[in-house]
Amino acid sequence: MQSFSEAPETEDEEGGSALRSVEAAEESLAASAPEFEPGVPLETVSAPTPRVFNPWIIALVVTMGTFMEVLDTSIANVALPHIAGSLSASQDESTWVLTSYLVANAIILPISGWISSVIGRKNFYLISVVMFTVFSAACGIAPTLGALVIFRVLQGLSGGGLQPSVQAILADAFPGEKRGMAMAVYTIAILVAPVLGPTLGGWITDNYSWRWIFYINIPVGILCAFFTRIVLQDPPHLTKARAELKKKPLQIDGIGLGLVSLGLAATEIVLDRGQELDWFGNTFITWTAITAVIAVVGAIIWELHVDKPVVNLRLLKERNFLICCTIVLGMYTALYASTFLLPQFMQELMGYDATTAGIAVSPAGLVTMLEVPLVGWLLSRGTDARRMIACGIITMTAGTYWCSLMNLGVAERNLIYPRILQVMGLGMTTVPLSTIMFRFLPADQTSNAAGIYALVRNEGGSIGIALSSTFLQRMTQAHQTYIGANVTASNALAMAASHAGGAVIGGSNADQNYAGMALLYHRVQQQASLLAYMDQFRLFSYILIVLLPLVLLLKRPPRIVGKITLDAH
């Protein structure tokens with residue numbers, strides 16, 4: 001009986017031991033097991049978070065590509081005679097090397113935001129850098145002018161999207177309190193590159209070959225593409241938007257894309273070639289202008305009414321963005337006009353060679369490199385951006401008007417100081433504008449806004465060059481007529497100047513009279529040109545001062561405390 005009574009106890013002990021071992025195993029697994037509730041799906045393991053680099057590393061990498069692209073808008077200017085001679089083309093035909101690049105830039109700038117939303121900002125930037133580098137190499141080996149123009153078009157299409165992409169990247173990579181410093185780095189690139197371009201291009205062409213102005217892009221492009229592949233990541237809102245787009249069939253605003261491309265290309269051709277071809281006295285310019293007006297008006301109407309426009313012009317309904325675009329249009333009109341006028345004034349009337357004229361305007365770029373980071377620092381400390389914009393407009397106006405007080409006997413320093421003051425004013429304005437223009441726009445529209453802003457800036461440059469070249473020639477003719485009306489045989493001062501000039505030459509009386517009148521006519525032409533140059537600088541200073549009241553209409557962003565995101569309104 002005792003053996004039977006002990007058996008159940010042994011079985012109970014063994015069962016309890018087994019139960020305890022099972023419970024222990026469950027407890028050991030509980031820590032790693034996901035919580036589970038009926039009807040609620042288990043969470044999947046999330047993908048590893050991509051490595052986030054320091055925003056300043058991103059800023060330096062992407063600004064490298066922008067500097068390279070902006071440099072190419074002006075580096076070929078002084079090399080045109082060498083290109084024409086090397087490729088057996090006329091000087092008139094060689095100007096298409098510049099025009100083709102600007103036309104391609106104008107087409108791609110406003111649609112860069114739409115392309116970024118379709119293929120991703122990182123992919124778009126990386127593809128742009130790679131293709132820009134490839135076509136830069138192709139420009140360097142171009143055997144004919146026709147091939148060079150084609151490669152310049154492809155180069156402009158490839159690189160045109162770099163500027164707006166960089167602005168959008170910086171706006172997303174930096175928190176609000178540091179965005180001013182980030183935009184300062186970008187501003188240095190877009191201000192120094194056009195100033196450095198003609199000087200660097202002239203030196204390379206004189207000492208090596210015009211082909212090297214394109215070859216120098218190759219190592220820079222390779223480095224930029226390599227580091228871009230490593231450090232750049234799309235922001236979450238853009239990644240989410242792309243994921244939503246992939247679920248639907250791709251819809252392309254073909255009509256809008258065609259109208260925008262045709263309108264901007266035709267406008268750029270008219271602005272760049274109009275003065276050279278006598279504007280509406282030329283049939284080609286007349287029909288191109290008609291095409292531009294019809295296409296641009298049609299594009300505006302279409303893009304404002306279509307559901308998913310390729311260029312979101314509705315962003316201009318936001319007051320700050322519209323005013324920022326208007327101000328930057330006027331300021332870059334004045335900047336590029338002065339950049340066109342000053343070197344030409346120094347070479348034609350002051351006797352400077354191309355290299356010396358380029359060196360004379362270079363200190364302005366160096367001062368900008370020192371000034372712009374200070375402006376960014378002040379913005380990061382909470383300085384009102386509107387006050388800085390107003391101070392910048394006043395400073396740039398003063399520098400431009402100072403240029404209108406020159407004469408044919410000014411020293412070189414009196415040419416350098418006004419230019420420095422002018423570019424200082426631009427740097428003081430551009431950084432705050434780039435900072436506050438995004439503050440009242442939705443975060444997912446930064447790429448579209450940057451594309452429109454970059455287009456306005458480039459068109460301002462084209463308008464400035466077109467206006468200055470046109471009015472310079474016409475005002476020179478007008479002043480020559482006014483001055484010549486007083487150079488008659490009855491004017492004792494004119495005749496005394498003629499006789500004095502002829503006496504220096506010597507020879508017979510007839511030779512002295514002829515030489516004296518020739519010298520007098522040359523002096524009349526010089527003074528007429530001088531007055532025309534001064535008129536241009538006054539004109540653009542008036543354009544700048546008219547922009548000042550617009551600053552009063554800008555909304556001030558809220559004071560930045562800690563990290564902020566773009567506000568959506």
Side-chain angles (χ1 to χ4, degrees), residues 91 271-282 285 330 333-354 357 360-361 396-412 414-419 422 462-502 504 513-546:
Q91 184 71 24
L271 291 173
D272 195 59
R273 304 279 290 174
Q275 173 60 25
E276 189 177 345
L277 299 178
D278 194 26
W279 292 103
F280 299 114
N282 181 274
I285 292 296
T333 297
L335 173 71
Y336 275 80
S338 300
T339 304
F340 168 79
L341 290 169
L342 266 179
Q344 192 166 303
F345 172 78
M346 287 185 276
Q347 292 177 69
E348 290 188 356
L349 298 182
M350 302 292 294
Y352 288 53
D353 57 37
V361 298
M396 189 173 180
T397 303
T400 306
Y401 190 80
W402 190 355
C403 292
S404 70
L405 304 178
M406 297 178 185
N407 55 56
L408 296 179
V410 296
E412 184 176 353
N414 293 327
L415 298 169
I416 294 174
Y417 293 154
R419 179 64 173 175
Q422 185 186 50
S462 299
I463 292 170
I465 293 174
L467 286 177
S468 57
S469 62
T470 299
F471 286 116
L472 179 64
Q473 292 193 16
R474 302 197 176 190
M475 291 307 298
T476 299
Q477 295 170 357
H479 284 298
Q480 185 172 329
T481 301
Y482 297 148
I483 297 174
N486 295 296
V487 181
T488 60
S490 60
N491 188 318
L493 291 176
M495 290 301 98
S498 174
H499 293 153
V504 174
N513 290 334
Y514 178 79
M517 290 302 295
L519 289 173
L520 184 61
Y521 179 65
H522 175 67
R523 180 63 63 88
V524 168
Q525 285 184 312
Q526 271 192 326
Q527 293 299 317
S529 295
L530 173 65
L531 292 173
Y533 276 104
M534 301 306 102
D535 286 345
Q536 302 313 300
F537 288 119
R538 274 192 293 271
L539 169 65
F540 290 107
S541 66
Y542 298 153
I543 291 176
L544 288 170
I545 202 64
V546 168

- Do any pairs count as a salt bridge (charged side-chain N to carboxylate O under 4.0 Å, His left out) and have a residue in residues 526-541, sequence neighbours left out, and if so which ones? D535-R538
- Nearest heavy-atom neighbours spanning T397 and S541: CG2-O, 3.5 Å
- Partners meeting side chain to side chain donor-acceptor pair (under 3.5 Å) with Q526 (sequence neighbours left out): none
- Item | Heavy-atom pair of closest approach, residues P418 and C403 | CB-SG, 3.6 Å
- Within-4.5 Å side-chain heavy-atom neighbours: L415 and M406: yes
- Note on the structure: Residues passing the side chain to side chain donor-acceptor pair (under 3.5 Å) test with S404, sequence neighbours excluded, are none
- With side chains defined as the heavy atoms from C-beta onward, is the minimum distance between F540 and L467 less than 4.5 Å? yes
- Item | N407 side chain vs V410 backbone, donor-acceptor pair below 3.5 Å | yes
- Item | Pair L530-H479, side-chain contact (heavy atoms from CB on, under 4.5 Å): steps then yes or no | CA-CA 9 Å; L530 173 65; H479 284 298; over 6 Å; no
- Here the gap from F471 atom CZ to L539 atom CG, rounded to the nearest 0.5 Å, amounts to 6.5 Å
- Are the side chains of S468 and Y336 in touch, meaning some heavy atoms are under 4.5 Å apart? no
- Message: Are Q525 and T476 packed together at the side-chain level, in the sense that at least one heavy-atom pair is separated by less than 4.5 angstrom?
- Response: no
- Test side chain to side chain donor-acceptor pair (under 3.5 Å) applied to Q422 - qualifying residues, sequence neighbours left out: S338, T400, R419
- Query: Sequence neighbours excluded, which residues qualify as side chain to side chain donor-acceptor pair (under 3.5 Å) partners of Q473?
  - Reply: Q275
- Item | Y533: partners by ring-ring contact (aromatic ring centres under 6.0 Å, His included), with sequence neighbours left out | F345
